[in-house]
Undergrad: 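Got a structure here, written out as structure tokens. Questions coming.
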Amino acid sequence: MPQEQTLSLIKPSSVTANQIGGIINKFEEGGLKVVAAKMVRLTENQAKDFYGVHQGKPFFGELISFMTKGPILAQVLEGENAIQKNREIMGATNPAEAAPGTIRAEFAHSMTENAVHGSDAPETAEKEIAFFFDKKDIYGTI
Ligand code: CMP
């Protein structure tokens, strides 16, 4: 399996609830390494740009309002098969369907307040990582 990097966001509700450590612990226990991290508060325009693929969907307004209501922790995670592994560690988008032990099963409240975001494919990972990080600020091996 190839070494990969993926983007992870710890969402505002989880930052506010003091759950950063618990969530990062799940990544580390699952074999992923944090190779870049920063706390940022997205502006409305930045959030709309990041989630542009969802523009026009019924949940878009609520998603943008939620993602801008406080700081998030953006991270680059690295490891073998990191994109898929991160998705397994996060669990299903809807926390009601997330498997026991996953981040969303333990930390999420609803479809919108679902604790974390993770890239879903290599092309999106590359774009999403570049949205938050300069290459020089990523301390990975690839
Ligand atoms: P995320 O992985 O950040 O990507 C888009 C987000 O939109 C998703 O997690 C959810 O928080 C939110 N969302 C709200 N409603 C839905 C829905 N019906 N389907 C998919 N995503 C939704």
Side-chain angles (χ1 to χ4, degrees), residues 1-135 137-140 142:
M1 284 289 181
Q3 285 285 315
E4 284 179 341
Q5 292 180 343
T6 189
L7 183 83
S8 164
L9 302 180
I10 299 182
K11 296 189 176 184
S13 51
S14 304
V15 172
T16 302
N18 216 16
Q19 292 168 335
I20 290 174
I23 290 173
I24 289 181
N25 199 34
K26 294 276 188 192
F27 297 139
E28 293 181 341
E29 280 179 350
L32 296 176
K33 184 168 188 171
V34 178
V35 294
K38 71 176 164 195
M39 191 173 282
V40 291
R41 183 166 184 176
L42 292 173
T43 64
E44 191 178 326
N45 280 343
Q46 285 172 322
K48 284 180 171 168
D49 189 12
F50 183 80
Y51 279 120
V53 66
H54 296 297
Q55 188 122 32
K57 295 185 184 165
F59 58 85
F60 189 67
E62 189 183 331
L63 175 64
I64 299 308
S65 153
F66 169 62
M67 287 301 292
T68 53
K69 78 178 188 191
I72 59 172
L73 191 79
Q75 304 138 93
V76 179
L77 305 176
E78 183 177 291
E80 217 175 82
N81 205 21
I83 297 165
Q84 182 56 30
K85 194 176 277 178
N86 182 37
R87 293 175 68 74
E88 289 165 14
I89 295 168
M90 289 191 297
T93 305
N94 183 352
E97 293 163 10
T102 61
I103 290 171
R104 284 167 172 158
E106 291 189 16
F107 297 104
H109 303 292
S110 67
M111 187 82 111
T112 298
E113 301 204 9
N114 65 350
V116 282
H117 166 82
S119 308
D120 62 2
E123 309 73 51
T124 38
E126 196 177 337
K127 265 177 63 179
E128 291 182 354
I129 288 170
F131 188 94
F132 285 97
F133 295 97
D134 286 340
K135 276 211 156 52
D137 296 323
I138 302 172
Y139 298 93
I142 54 176

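Just follow the structure's listing: the first ligand is 1, and inside any ligand the first atom is 1. The model shown is predicted, which means the values in this text are computed figures rather than measured ones.
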Undergrad: Can you tell me if Tyr51 has a non-hydrogen atom under 4.0 Å from ligand 1?
TA: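 It does, in that a heavy atom of Tyr51 comes within the 4.0 Å cut-off of ligand 1.
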
Undergrad: May I ask you to list the atoms of ligand 1 that are less than 4.0 angstrom from any heavy atom of Leu63?
TA: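 Those atoms are 6 (C), 7 (O), 12 (C).
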
Undergrad: Geometry only, no angles: is Met111 polar-contacting ligand 1 at N/O separations under 3.5 Å?
TA: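 Yes; the residue has a nitrogen or oxygen that sits under 3.5 Å from a nitrogen or oxygen of the ligand.
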
Undergrad: Check ligand 1 against Lys11 and write out every atom of the ligand that is under 4.0 Å from a heavy-atom position of the residue.
TA: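 Here the atoms of ligand 1 in question are 1 (P), 3 (O), 9 (O), 11 (O).
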
Undergrad: Is it the side chain (CB and beyond), the backbone, both or neither of Glu62 that lies under 4.0 Å from ligand 1, heavy atoms counted?
TA: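 Looking at Glu62 and ligand 1, no heavy atom falls under 4.0 Å.
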
Undergrad: Could you tell me whether Lys57 atom NZ has more than 12 heavy atoms of other residues or ligands within 6.0 Å of it?
TA: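 Yes.
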
Undergrad: Is the shortest side-chain N to carboxylate O distance from Glu44 to Lys48 below 4.0 Å?
TA: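 Result for this pair is yes, salt bridge flagged.
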
Undergrad: I'd like the name of whichever of Phe59, Phe50, Phe60 reaches closest to atom 22 (C) of ligand 1 through any heavy atom.
TA: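 That would be Phe59.
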
Undergrad: Do other residues, nucleotides or ligands put more than 12 heavy atoms under 6.0 Å from the CD atom of Gln3?
TA: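 Buried by this count: over 12 neighbours within 6.0 Å.
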
Undergrad: Is any side-chain heavy atom of Glu128 less than 4.5 Å from a side-chain heavy atom of His117?
TA: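 With C-beta onward as the side chain, the pair touches.
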
Undergrad: N/O of Thr93 under 3.5 Å from N/O of ligand 1, yes or no?
TA: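 No, there is no polar N/O contact under 3.5 Å.
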
Undergrad: Is there a side-chain contact between Ile24 and Ile10, using heavy atoms and a 4.5 Å cut-off?
TA: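 Yes, close enough: below the 4.5 Å cut-off.
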
Undergrad: Is the Lys NZ or Arg CZ of Lys38 less than 6.0 Å from the centre of Phe132's six-membered ring, within 45° of the axis?
TA: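 Cation-pi check for Lys38 and Phe132: fails.
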
Undergrad: Which atoms of ligand 1 are found less than 4.0 Å from any heavy atom of Thr112?
TA: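 Matching atoms, with element in brackets: 11 (O), 14 (C).
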
Undergrad: For atom 1 (P) of ligand 1, what's the nearest protein heavy atom and its distance?
TA: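 The closest one turns out to be His117 ND1, 3.4 Å.
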
Undergrad: If you apply the rule side-chain contact (heavy atoms from CB on, under 4.5 Å), what do you find for Ile20 with Val15, and how did you get there?
TA: CA-CA 6 Å; Ile20 290 174; Val15 172; 4.2 Å; yes

Undergrad: Pull out every atom of ligand 1 sitting under 4.0 Å from any heavy atom of Arg104, numbered as shown with elements.
TA: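 Checking each atom against Arg104, I get 2 (O).
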
